[in-house]
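To start, the structure under review is shown below, and the notes come after it.
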Number of protein chains: 2
Amino acid sequence: MHQDYRLLPLDDLELLEKQTLRMIVQALQQYSGEAKRIFDNAPPKGTEVIVLAEDLTQYALEVAEIYPIDRRFAGFIDYKRSRWFPTSAGLIPQVLLADAKASKENNRDTLQASQLPMDADFNVTVDGVTTAHHLDAGVPQHMEIPSAGGVLHAVTTSIFVHMYYRDVSKIQEPYRDLKDIYVLAVPHGRLKDKYNPNASTGFWGKGKHSDARQEDPRIRVYFDRLRQACPWRLQQLTYAGSTDGFTQAIWRDVDASGFETNEPFLYLPRPIQGEA
Amino acid sequence: MHQDYRLLPLDDLELLEKQTLRMIVQALQQYSGEAKRIFDNAPPKGTEVIVLAEDLTQYALEVAEIYPIDRRFAGFIDYKRSRWFPTSAGLIPQVLLADAKASKENNRDTLQASQLPMDADFNVTVDGVTTAHHLDAGVPQHMEIPSAGGVLHAVTTSIFVHMYYRDVSKIQEPYRDLKDIYVLAVPHGRLKDKYNPNASTGFWGKGKHSDARQEDPRIRVYFDRLRQACPWRLQQLTYAGSTDGFTQAIWRDVDASGFETNEPFLYLPRPIQGEA
DNA sequence: ATGTGGCCAGCGAGGCCAATT
DNA sequence: AATTGGCCTCGCTGGCCACAT
């Protein structure tokens with residue numbers, strides 16, 4: 001049984017990320033009812049969707065935590081927890097990094113360099129000319145935690161919770177319509193060779209920063225390409241067709257032949273509170 | 001035994017706020033060691049002190065929570081919890097609203113209108129001319145929570161955690177020096193008559209918004225006047241003279257004669273983790 | 001020197017549009 | 001019409017400075 005993620009076979013590292021995401025999807029599904037009520041009905045007040053996405057992500061995930069490691073980090077990541085993660089390969093110290101996004105787009109996410117878990121290579125085409133670009137990872141592969149008997153290397157796992165919505169009204173409830181919650185597991189830095197061996201292969205794209213204004217570089221994750229590379233890394237909880245206020249409980253995976261599957265799953269809905 | 005804060009005598013409402021603050025001061029004291037290590041050593045990256053103050057406030061307070069009420073609100077308040085608060089007058093449903101501030105000033109705090117718990121009247125002097133100003137409270141006196149047998153009215157309690165610091169270095173640790181943690185309990189709206197009967201009496205002052213640019217009005221709390229009005233509502237945890245990395249454990253109160261007192265208190269230091 | 005007033009800076013986080021394909 | 005590139009908006013938080021006392 002391993003305790004150090006650096007000794008894990010890459011397949012086991014992927015499984016750790018998959019298990020992490022599966023748990024987060026369960027937590028979001030169970031909270032999706034209240035999440036939509038709050039998101040849709042919070043009064044407009046400037047940049048409220050940002051803080052709504054952050055708060056709702058926290059409320060969804062905090063009740064699904066596991067064996068905590070008593071170590072905290074401060075910084076720009078919305079939700080971060082150190083914990084012992086149980087896997088078949090061993091009990092792995094992990095730092096979960098989850099970032100909440102609110103967006104009217106549903107095909108990509110923009111990451112700050114500090115949210116990038118792997119060195120990224122990608123092509124950018126402007127005026128028919130394609131050039132290779134590169135951005136170094138800003139997320140360390142692990143955090144070091146002093147411990148009895150040595151230093152623990154807690155593997156970082158990067159999750160993005162993407163609230164896809166549109167505006168509905170400026171004067172009355174509902175002000176917004178939360179349509180889907182996308183959940184992305186962006187591969188750990190050790191998995192670069194598999195997911196992004198070169199600029200032509202991968203799910204990265206030019207960020208939304210302005211070069212002209214010399215803004216800090218950002219980078220984008222494209223949903224469709226992430227899904228093609230690994231279906232379960234792009235989950236979609238949709239409210240479409242919902243009659244009970246909750247999202248559809250479906251987990252995206254692959255079967256033994258490598259085909260994409262959709263597996264319904266059971267869940268315990270957290271009650272939708274606050275209905276007057 | 002009351003369950004509705006609206007029926008509490010004002011003195012009991014003050015005691016509820018005092019008990020709330022006392023617990024928060026204890027929590028911050030116990031966490032002050034790690035808080036300073038993290039605050040001082042986090043690498044500069046733009047507006048990092050804001051998020052540091054927020055994260056540290058959360059880490060300090062979340063371990064000191066009490067009997068939670070299963071109700072969540074989303075919004076711009078940094079730390080918010082619904083809970084049952086035990087007082088001698090009854091078990092009172094409460095929504096704690098704590099906002100974190102980072103500042104190089106140590107004599108006042110700026111509040112958004114949405115952080116203002118009472119209607120405020122105050123004088124503004126410009127060019128020798130004094131005029132009365134007014135700003136309506138943006139914090140509701142309570143939040144309504146549907147419950148078995150009726151609607152609970154959870155009293156809001158507004159706390160501000162003010163990290164007073166200065167910059168030290170741009171290139172090496174420590175980057176900052178966290179000097180004091182001020183903790184303010186701003187009186188509930190029902191206490192306006194006592195604390196702010198008119199524009200000439202109170203601790204409010206002109207906010208730091210720009211009228212010229214038509215920014216949303218803000219308002220300031222002046223520490224000295226809050227302390228004069230009610231000494232325990234302005235607490236100061238200072239690192240000055242500290243040899244162990246923790247703040248001085250002193251609670252400010254008043255004796256029976258109304259004189260200000262300083263009471264040392266015992267605490268269980270949370271270990272300062274992460275020292276390499 | 002301090003205590004107030006208040007303009008502005010910087011920077012997140014996305015909206016949104018334009019140029020391609 | 002859908003995809004990708006990227007400029008700019010908007011608002012949140014305080015730094016910081018200028019008077020006034």
Side-chain angles (χ1 to χ4, degrees), chain A residues 44-54 76 78 99-115 122-131 133 162-167 203-225, chain B residues 44-54 76 78 99-115 122-131 133 162-167 203-225:
Chain A
K45 180 194 173 285
T47 58
E48 72 285 342
V49 293
I50 298 169
V51 66
L52 292 175
E54 292 168 356
F76 286 87
D78 296 327
D99 218 78
K101 309 279 188 187
S103 179
K104 293 181 174 177
E105 296 186 333
N106 65 347
N107 64 322
R108 53 186 178 173
D109 256 337
T110 299
L111 277 54
Q112 306 285 342
S114 60
Q115 299 170 333
F122 55 99
N123 288 322
V124 176
T125 302
V126 173
D127 294 335
V129 183
T130 298
T131 51
H133 286 240
H162 182 281
M163 307 281 188
Y164 171 57
Y165 78 102
R166 67 179 49 179
D167 286 328
F203 41 76
W204 303 114
K206 174 83 167 61
K208 86 193 304 181
H209 61 284
S210 164
D211 298 296
R213 309 175 135 213
Q214 297 151 23
E215 296 176 357
D216 284 346
R218 286 183 274 177
I219 193 171
R220 281 191 170 107
V221 179
Y222 280 86
F223 290 4
D224 53 357
R225 283 186 273 153
Chain B
K45 180 192 174 288
T47 59
E48 73 287 343
V49 292
I50 297 170
V51 65
L52 293 174
E54 291 169 357
F76 286 87
D78 296 328
D99 218 81
K101 308 282 188 185
S103 178
K104 292 181 175 176
E105 295 186 334
N106 65 347
N107 63 321
R108 53 183 178 175
D109 255 338
T110 299
L111 277 54
Q112 308 284 344
S114 61
Q115 298 171 335
F122 55 100
N123 288 321
V124 177
T125 301
V126 173
D127 294 335
V129 182
T130 299
T131 52
H133 286 240
H162 181 281
M163 307 279 188
Y164 171 56
Y165 77 101
R166 65 180 47 178
D167 286 330
F203 40 77
W204 302 113
K206 173 82 169 59
K208 88 193 302 181
H209 60 284
S210 166
D211 298 295
R213 307 174 136 214
Q214 296 152 20
E215 296 177 355
D216 284 346
R218 288 183 275 176
I219 193 171
R220 282 190 168 109
V221 179
Y222 280 85
F223 290 5
D224 53 357
R225 283 185 272 153

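A note on names: the letters A, B, ... follow the listed sequences, proteins ahead of strands, and every chain is numbered from 1.
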Practice problem: Would you classify B:F122 as touching base, sugar-phosphate or nothing, given that sugar-phosphate means primed atoms plus P, OP1 and OP2, and contacts are heavy atoms under 4.0 Å? | Solution: nothing
Practice problem: To the nearest Å, give me how far apart CD (A:E54) and P (C:dG12) are. | Solution: 13 Å
Practice problem: Indicate for each nucleotide in nucleotides 16-21 of chain C, in 5' to 3' sequence, whether protein heavy atoms under 4.0 Å reach the base (B), only the sugar-phosphate (S), or nothing (-). | Solution: B---SS
Quiz item: Does any non-hydrogen side-chain atom of B:E54 lie less than 4.5 Å from one of B:L52?
Solution: no
Quiz item: In whole angstrom, what separates A:L52's CG from C:dA13's P?
Solution: 15 Å
Practice problem: To the nearest 0.5 angstrom, please state how far the OG1 atom of B:T131 sits from the CG atom of B:N123. | Solution: 7.5 Å
Self-check item: Distance in angstrom units between A:D99 CG and C:dA13 P, rounded
Solution: 7 Å
Quiz prompt | Side-chain heavy atoms of B:D167 within contact of B:Y165, under 4.5 Å | solution = yes
Quiz item: Under 4.0 Å between a side-chain N/O of B:K206 and OP1 or OP2 of C:dT4, yes or no?
Solution: no
Quiz item: Can you find a pair of side-chain heavy atoms, one from B:F76 and one from A:T47, that are under 4.5 Å apart?
Solution: yes
Exercise. Scan B:V49 against the nucleic acid and name what it touches under 4.0 Å (heavy atoms): base, sugar-phosphate only, or nothing.
Key: nothing
Quiz item: Hey, does A:R218 reach any base, or is it just sugar-phosphate, or nothing, if we go heavy atoms under 4.0 Å?
Solution: base
Quiz item: Between atom OH in A:Y164 and atom C1' in C:dG14, what is the gap in whole Å?
Solution: 15 Å
Exercise. First locate atom CZ of A:R166, then atom CG of A:N106, and finally report the distance between them rounded to the nearest 0.5 Å.
Key: 9.0 Å
Quiz item: Which sits closer to the 5' end of DNA chain D, B:D78 or A:Y222, going by the nucleotide each is nearest to?
Solution: A:Y222
Practice problem: Answer with base, sugar-phosphate or nothing: what part of the nucleic acid does A:S103 contact at a heavy-atom distance below 4.0 Å? | Solution: sugar-phosphate
Practice problem: May I ask you to say what A:N123 touches in the nucleic acid, namely base, sugar-phosphate or nothing, with a heavy-atom cut-off under 4.0 Å? | Solution: sugar-phosphate
Quiz item: Considering residues at least two apart in sequence or located in another chain, which fulfil the salt bridge (charged side-chain N to carboxylate O under 4.0 Å, His left out) criterion with B:R220?
Solution: none
Self-check item: CA sep, side-chain torsions, deciding dist, call: A:D211, A:K206, side chain to side chain contact (heavy atoms under 4.5 Å, CB included)
Solution: CA-CA 11 Å; A:D211 298 296; A:K206 174 83 167 61; 3.1 Å; yes
Self-check item: For atom CG of B:N106 and atom C1' of D:dG15, their distance in whole Å
Solution: 15 Å
Quiz item: Whole Å only: how far is the CD1 atom of A:I50 from the P atom of C:dG12?
Solution: 12 Å
Quiz item: Mapping B:D211 and B:N107 to their closest nucleotides on DNA chain C, which lands nearer the 5' end?
Solution: B:N107
Quiz item: For A:S210 and D:dC7, is the shortest distance between a side-chain N/O and OP1 or OP2 below 4.0 Å?
Solution: yes
Quiz prompt | Separation of atom CD in A:Q214 from atom C1' in D:dG6, rounded to whole Å | solution = 14 Å
Self-check item: Protein-nucleotide distance (A:I219, atom CD1; D:dT4, atom P), rounded to Å
Solution: 14 Å
Quiz item: Could you state the interatomic distance from CD1 (B:I50) to OG (B:S103), rounded to the nearest 0.5 Å?
Solution: 11.0 Å
Exercise. Any chance you could measure A:I219, atom CD1, to A:H209, atom NE2, to the nearest 0.5 Å?
Key: 9.5 Å
Please write out each protein N/O paired with an N/O of nucleotides 9-12 of chain D under 3.5 Å, distance rounded to 0.1 Å.
{"unit_1": "D:dC12", "atom_1": "OP1", "unit_2": "A:K45", "atom_2": "O", "d": "3.2"}

Quiz prompt | Pairwise side-chain contact, B:F223 with B:D109, heavy-atom cut-off 4.5 Å (strictly under) | solution = yes
Exercise. Using only side-chain N and O atoms of A:Y165, determine if any of them is under 4.0 Å from OP1 or OP2 of C:dG14.
Key: no
